[in-house]
Amino acid sequence: MRFRLHTDEHAPPGSGRLLGLTLIAAVCVFVGLIPAVRLAASIAIDGPWWYPMLTVTLGVIGCGLIVAAFAAIHRALLPWYLVGVAVLLLAANVALVYVV
């Protein structure tokens with residue numbers, strides 16, 4: 001089955017499903033402030049040259065996965081897989097804060 005956008009013919013997603021994705025996305029935003037502050041400090045204090053590129057790349061890919069999860073909310077498991085990978089990327093980004 002091909003990926004298709006939501007139309008008026010589709011039933012709206014369940015409230016619990018939408019609330020779950022929204023809560024996970026909100027937690028990711030607040031936890032993502034940790035690497036963001038470290039990134040700003042790394043740029044201001046001349047940190048390792050590879051850190052800003054890696055942090056931004058992981059963050060952009062994670063944000064894209066969260067957006068894709070909301071776009072695929074009508075699928076059975078795909079949104080949860082996408083959010084799971086985004087959370088793993090965020091965890092790697094937070095782990096980098098303590099490594100660098």
Side-chain angles (χ1 to χ4, degrees):
M1 188 174 242
R2 294 184 311 175
F3 186 79
R4 63 192 189 292
L5 295 175
H6 178 72
T7 63
D8 291 335
E9 298 171 357
H10 296 108
S15 297
R17 186 177 189 85
L18 188 60
L19 182 64
L21 277 178
T22 304
L23 286 175
I24 292 172
V27 168
C28 285
V29 167
F30 288 117
V31 172
L33 290 174
I34 296 169
V37 170
R38 174 62 173 96
L39 175 64
S42 174
I43 291 171
I45 305 174
D46 194 33
W49 63 270
W50 53 267
Y51 184 74
M53 291 183 292
L54 184 60
T55 301
V56 169
T57 302
L58 290 175
V60 167
I61 293 171
C63 288
L65 289 171
I66 294 287
V67 169
F70 276 101
I73 196 165
H74 286 45
R75 300 288 181 192
L77 296 175
L78 181 60
W80 305 114
Y81 291 148
L82 293 171
V83 167
V85 173
V87 168
L88 287 175
L89 290 176
L90 178 61
N93 220 345
V94 170
L96 280 173
V97 169
Y98 296 106
V99 170
V100 175

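Scope of the values below: all heavy atoms of this structure, side chains included, with no hydrogens, waters or symmetry mates.
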_Other ILVMFWY residues reachable from L23 by side-chain steps of under 4.5 Å_ = L19
*Can you sort out the partners of V87 under side chain to side chain contact (heavy atoms under 4.5 Å, CB included), two or more places apart, ordered by chain and number?*
I24, C28, V83
*For T57, which residues count as a side chain to side chain contact (heavy atoms under 4.5 Å, CB included) partner, sequence neighbours excluded?*
I61
*Can you name the nearest heavy-atom pair linking A72 to L78, along with the distance?*
CB-CD2, 3.7 Å
*Can I66 be reached from L21 by stepping across I, L, V, M, F, W or Y side chains whose heavy atoms are under 4.5 Å apart?*
yes
*Rounded to the nearest 0.5 Å, what separation is found between the CZ atom of R38 and the CD1 atom of I43?*
10.5 Å
*Who pairs with Y81 by side chain to side chain contact (heavy atoms under 4.5 Å, CB included), at least two apart in sequence or on another chain?*
L77
*Closest heavy-atom pair and its distance - P79, R17*: CG-NH2, 3.7 Å
*asked:* Applying a strict under-4.5 Å side-chain criterion to I, L, V, M, F, W and Y, I'd like to know whether L82 and L18 cluster together.
replied: no
Name each donor-acceptor pair under 3.5 Å that joins a side chain in residues 88-100 to protein atoms two or more places apart or in another chain, with its distance.
{"from": "N93", "atom 1": "ND2", "to": "T55", "atom 2": "O", "distance (Å)": "3.3"}

*Mind checking whether L58 and W49 sit in one hydrophobic cluster, side chains of I, L, V, M, F, W, Y counted as touching below 4.5 Å?*
yes
*Do you know the tightest heavy-atom contact between P35 and Y51?*
O-OH, 4.1 Å
*For W50, does the CH2 atom have more than 12 heavy-atom neighbours from other residues, nucleotides or ligands under 6.0 Å away?*
yes
*Provide the closest heavy-atom pair for H74 versus P13 in the form atom of the first, atom of the second, distance.*
CE1-CD, 3.7 Å
*asked:* Please give me the minimum heavy-atom distance between F70 and A25, naming the atom from each residue.
replied: CE1-CB, 4.0 Å
